[in-house]
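Encoded as structure tokens, the structure appears first; notes follow it.
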Amino acid sequence: MMEALAALSLQPCSWIACERPGKAPGGFLKFSKHIGDERKFQKLSLRGASELNNKGVLKISSCYRKRGVSAVGSENVHAFVDEALVIKRKSEDVAPYLNGRCIYLVGMMGSGKTTVGKILSEVLGYSFFDSDKLVEQSVGMSSVAQIFQERSEAFFRDSESEVLRDLSTMHRLVVATGGGAVIRPINWKYMKHGITVWLDVPLEALARRIAAVGTASRPLLHQELGDPFTKAFTRLTTLAEQRGDAYANADARVCLQHIASKQGHNDVGSLTPTAIAIEALLQVENFVTPKGARASGRRNSFLQA
Ligand SMILES: Nc1ncnc2c1ncn2[C@@H]1O[C@H](COP(=O)(O)OP(=O)(O)O)[C@@H](O)[C@H]1O
Ligand SMILES: O=C(O)C1=C[C@@H](OP(=O)(O)O)[C@@H](O)[C@H](O)C1
């Protein structure tokens, strides 16, 4: 298991992806390890796409459509820079309160645990792990779908619990958990060694994302009939009912509908992963700072029983 962890760890690096998933490549912001103050931020410079490997430069390689705005333009560039600076600052605010505690992202399949988790790990200087990948590694199979098919869902769930148990002894990790990890109370015991963060995404948006990449890698969707969106939406609706409030046990909740409202619109599809990661840091900050910790202690007390 430890070897698997070492092999699969994404070493902390400081590239921040500013792209919108599934679209043309966006921008990347590389921070020097020593950048931490206003003056140094101002030294960042804009370069073209061909300069990906240069050190310490802000690189915008393409455009993305943000709330109806298309084409490369200073507005988009500013949006990238703003988000990148905000997340860097917020991570610096939150990091001292974490004391190396791990962050566990929970949420339905497709909620962005992997995408957002990688961004969080980069800005916090943590390593990133995807628990599904660790299960595949420990079982010696190439996909979760294969494990479900050749062994069983119960076998997968047992392996998932073992992975979470092993991770719970470690520090400075961001872990993207499988969407079903929340159904076993023992998993919460392991995850509560760190800070749990729920990515709360409307089912329709989830189904759209999953349909865009196909349902092949998600075995729980294989039984459904219809086009990929319908298959995903139907199954996600049932899973959401079965799982009830399980996700709400998390220490922090990142509600995409709420972020969209704060931005003055209703379209969760236009939220960038970086904007979602910023909200995650804000909610983690609420939890780890003394005022937030008191409130959440009350909320989670039943899990400790
Ligand atoms: N904010 C977002 N907007 C649009 N698509 C997203 C966003 N976050 C993730 N995605 C896409 O949704 C799919 C599922 O994301 P992923 O991070 O793998 O979710 P999970 O790990 O929770 O299953 C991927 O194709 C990813 O590119
Ligand atoms: O919701 C679930 O029960 C599952 C979600 C998947 O992980 P993702 O959430 O990463 O897709 C994976 O663990 C498995 O297919 C079961």
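As the structure is a prediction and not an experimental result, all values here were calculated from the model. Numbering of ligands and ligand atoms starts at 1, following listing order.
- In summary, the atoms of ligand 2 found under 4.0 Å from a heavy atom of Phe156, numbered by their order in the structure, are 13 (O).
- Between Lys113 and ligand 1, at least one N/O pair is under 3.5 Å apart.
- Under a 4.0 Å criterion applied to the non-hydrogen atoms of Asp132, ligand 2 contributes the atoms 6 (C), 7 (O), 8 (P), 10 (O), 12 (C), 13 (O).
- Counting only heavy atoms of the protein, atom 5 (C) of ligand 2 lies nearest to Gly179 N, 3.3 Å.
- The closest approach between a heavy atom of Gly110 and any atom of ligand 1 is below 4.0 Å.
- Every atom of ligand 2 is numbered from 1 in the order shown, and the set under 4.0 Å from a heavy atom of Gly180 is 1 (O), 2 (C), 3 (O), 4 (C).
- Ligand 2 has no nitrogen or oxygen under 3.5 angstrom from a nitrogen or oxygen of Glu160.
- In terms of protein heavy-atom proximity, atom 9 (O) of ligand 2 is nearest to Lys113 NZ, 2.7 Å.
- The distance criterion of under 3.5 Å between nitrogen or oxygen atoms is not met by Met109 with respect to ligand 1.
- Salt-bridge annotation for Arg157 and Glu160: present, with a side-chain N of the basic residue lying under 4.0 Å from a carboxylate O of the acidic one.
- Looking at Leu220 against ligand 2, only its side chain comes within 4.0 Å, counting heavy atoms.
- In summary, the atoms of ligand 1 found under 4.0 Å from a heavy atom of Ile276, numbered by their order in the structure, are 1 (N).
- Annotation: side chain of Leu124 is in contact with side chain of Ile103 (closest heavy-atom distance under 4.5 Å).
- For the pair Phe156 and Asp132, the minimum side-chain heavy-atom distance is below 4.5 Å.
- At least one side-chain heavy atom of Leu199 sits less than 4.5 Å from a side-chain heavy atom of Lys113.
- Under 4.0 Å from ligand 2, the heavy atoms of Arg243 that appear belong solely to its side chain.
- Residue Phe148 holds its CZ atom at 13.5 Å from CZ of Arg151, rounded to the nearest 0.5 Å.
- Looking at Ser111 against ligand 1, both its backbone and its side chain come within 4.0 Å, counting heavy atoms.
- Taking every non-hydrogen atom of Arg218 and a distance limit under 4.0 Å, the qualifying atoms of ligand 2 come out as 11 (O).
- Nearest-residue assignment for atom 25 (O) of ligand 1 (options Thr115, Val116, Val213; heavy-atom criterion): Val213.
- Contact analysis puts Arg218 in contact with ligand 1, with a non-hydrogen atom separation below 4.0 angstrom.
- The pair Arg184-Asp158 meets the salt-bridge criterion, since a charged nitrogen lies less than 4.0 angstrom from a carboxylate oxygen.
- Of the N and O atoms on the side chains of Ser142 and Gln146, at least one donor lies less than 3.5 Å from an acceptor on the other residue.
- The closest side-chain heavy-atom distance from Phe233 to Leu203 is below 4.5 Å.
- The contact set between ligand 2 and Val144, taken as ligand atoms under 4.0 Å from a residue heavy atom, comprises 14 (C), 15 (O).
- Distance check: Tyr104 OH to Thr177 OG1 gives 10.0 Å after rounding to the nearest 0.5 Å.
- Between Thr230 and Asp227, the side chains place a donor N or O and an acceptor N or O closer than 3.5 Å (distance only, hydrogens not considered).
- By the neighbour-count criterion of 12 heavy atoms within 6.0 Å, atom CD of Gln149 is sparsely surrounded, having that number or fewer from other residues, nucleotides or ligands.
- For Arg157, the closest heavy-atom approach to ligand 2 falls below 4.0 Å.
- For Gln223, the CD atom sits in a loose shell: 12 or fewer heavy atoms of surrounding residues, nucleotides or ligands are nearer than 6.0 Å.
- Those atoms of ligand 2 with a heavy atom of Pro219 less than 4.0 angstrom away are 15 (O).
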